[in-house]
Amino acid sequence: MKFTWGYEMETIPGRVIAPPLLHDKISLTSSGNTAQWMFYGTRKEIIEWMRTHPQLVIEYRPYASALQQQQQQTELIFDLLAVPDEDQSYYQYLKSFVVSDYEHERVKCEIRPKLENNKDATMIDALLCRTITHNGVCLGDIADELEHQWNMPARSYYQQLVDMYHEQPAPCHVISSAGPSSIRVGDSPSLHVRPQPSSVTAAAPKGLCTP
């Protein structure tokens with residue numbers, strides 16, 4: 001499996017199309033052929049690609065301009081998923097049950113907005129790690145954190161079976177997330193609404209592009 005990246009076609013799952021020009025943003029939508037951005041390759045290949053494009057911003061953009069508030073509050077999901085490797089030998093396949101080979105193991109990184117219609121139930125068995133960031137995150141800001149999380153020791157097979165039985169996803173790591181846009185104190189409509197910051201950052205790594 002060669003290293004590939006781009007938008008995964010909604011009508012042809014597994015088909016990835018790379019845009020001819022990246023410019024400074026990867027724009028995601030709620031549906032269609034630009035709903036998710038994919039990387040297929042090793043962990044090292046994916047992280048190196050992010051580091052060579054540190055200024056690239058991942059941004060969810062709703063179709064309707066009236067949904068600007070939703071755009072600001074929507075978070076992004078970075079899912080690391082196991083994928084079948086056609087080039088893997090039978091010995092390597094058996095060895096993978098005993099020893100994790102992060103250097104050569106082929107994986108998929110799926111980036112998409114965190115929406116109510118997300119497909120979590122259909123991917124629990126393949127999910128290795130999940131990271132949640134705020135909308136508009138820069139790849140240079142999260143590459144180091146993703147590398148750290150993706151190279152953590154693998155969960156035991158017992159824990160994986162327990163998670164699958166309870167339909168729980170893999171460990172979830174929140175780098176930074178969006179907070180509420182306002183808080184109403186009391187029940188009276190005459191009371192003031194206190195504006196809140198558009199995002200709350202928890203242990204956010206220092207990066208190259210700051211909002």
Side-chain angles (χ1 to χ4, degrees), residues 1-5 8 13-14 16 26 36-54 56 58 75-114 118-135 137-178 200-208:
M1 179 192 300
K2 66 177 183 179
F3 178 62
T4 55
W5 50 268
E8 184 171 50
V16 175
I26 296 175
Q36 48 195 11
W37 181 270
M38 297 289 185
F39 292 100
Y40 285 90
T42 64
R43 290 166 171 82
K44 182 178 180 181
E45 288 173 333
I46 297 171
I47 294 298
E48 285 183 350
W49 192 94
M50 291 183 178
R51 285 178 174 152
T52 57
H53 300 80
L56 206 57
I58 311 291
E75 297 166 331
L76 300 176
I77 294 177
F78 287 68
D79 277 341
L80 187 70
L81 302 136
V83 292
D85 187 357
E86 298 176 354
D87 299 329
Q88 187 181 49
S89 67
Y90 186 67
Y91 169 74
Q92 291 173 323
Y93 173 73
L94 293 177
K95 183 181 177 181
S96 67
F97 286 92
V98 182
V99 180
S100 297
D101 185 5
Y102 289 169
E103 183 178 356
H104 302 99
E105 180 185 19
R106 298 289 174 172
V107 293
K108 173 171 72 170
C109 175
E110 178 179 298
I111 308 172
R112 66 184 192 280
K114 185 181 179 183
N118 279 162
K119 51 183 183 180
D120 288 349
T122 63
M123 56 191 296
I124 288 178
D125 56 337
L127 188 58
L128 301 173
C129 180
R130 168 167 296 175
T131 305
I132 298 176
T133 74
H134 63 83
N135 188 23
V137 71
C138 184
L139 291 182
D141 290 347
I142 60 170
D144 289 347
E145 183 65 23
L146 289 177
E147 181 179 41
H148 172 71
Q149 299 297 343
W150 291 357
N151 288 283
M152 294 284 284
R155 295 172 299 157
S156 66
Y157 282 99
Y158 171 76
Q159 185 59 55
Q160 294 180 45
L161 290 173
V162 171
D163 292 343
M164 289 177 60
Y165 177 78
H166 293 288
E167 296 186 351
Q168 296 292 331
C172 181
H173 312 280
V174 180
I175 295 180
S176 58
S177 59
V200 179
T201 303
K206 296 180 180 179
L208 298 172

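Under the 4.0 Å criterion applied to side-chain N and carboxylate O atoms, Glu103 and Lys44 are not assigned as salt-bridge partners. We find that Asp79 and Arg112 are joined by a salt bridge, their nearest charged nitrogen and carboxylate oxygen being less than 4.0 Å apart. Salt bridge absent: Glu45 and Lys2 never bring a charged side-chain N and a carboxylate O closer than 4.0 Å.
Here the OG1-CD1 distance, from Thr131 to Ile142, works out to 8.0 Å after rounding to the nearest 0.5 Å. The distance from the CE atom of Met38 to the OG1 atom of Thr4 is 10.0 Å, given to the nearest 0.5 Å.
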Where do Trp150 and Ile47 land on the side-chain contact (heavy atoms from CB on, under 4.5 Å) test, with the steps shown first? CA-CA 10 Å; Trp150 291 357; Ile47 294 298; 3.8 Å; yes
As a quick check of understanding, evaluate side-chain contact (heavy atoms from CB on, under 4.5 Å) for Val107 and Arg43, giving each step before the final call. CA-CA 7 Å; Val107 293; Arg43 290 166 171 82; 3.7 Å; yes
Candidate pair Thr133 and Glu75, rule side-chain contact (heavy atoms from CB on, under 4.5 Å), full reasoning: CA-CA 6 Å; Thr133 74; Glu75 297 166 331; over 6 Å; no
Run the side-chain contact (heavy atoms from CB on, under 4.5 Å) check on Met50 and Leu146 step by step: do they pass? CA-CA 10 Å; Met50 291 183 178; Leu146 289 177; 3.7 Å; yes
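Pairing each heavy atom of Ile46 with each of Cys109, the nearest pair is CD1-CB, 4.0 Å. Listed here is the closest heavy atom pair of Leu139 and His53: CB-O, 3.7 Å. The two residues Cys138 and Pro54 have their closest heavy-atom pair at SG-O, 2.6 Å.
At least one side-chain heavy atom of Thr42 sits under 4.5 Å from a side-chain heavy atom of Arg106. The closest side-chain heavy-atom distance from His134 to Leu76 is not below 4.5 Å. With contacts defined as side-chain heavy-atom distances shorter than 4.5 Å, the pair Ile77/Ile111 does not qualify.
Taking the centre of each ring, Tyr40 and Trp5 stay at or above the 6.0 Å mark.
Using the six-membered ring where Trp is involved, Phe3 and Phe39 have ring planes that are parallel, under 30° apart on the 30 and 60° scheme.
In this structure Glu147 satisfies the salt bridge (Lys or Arg N to Asp or Glu O under 4.0 Å) test together with Arg51, sequence neighbours excluded.
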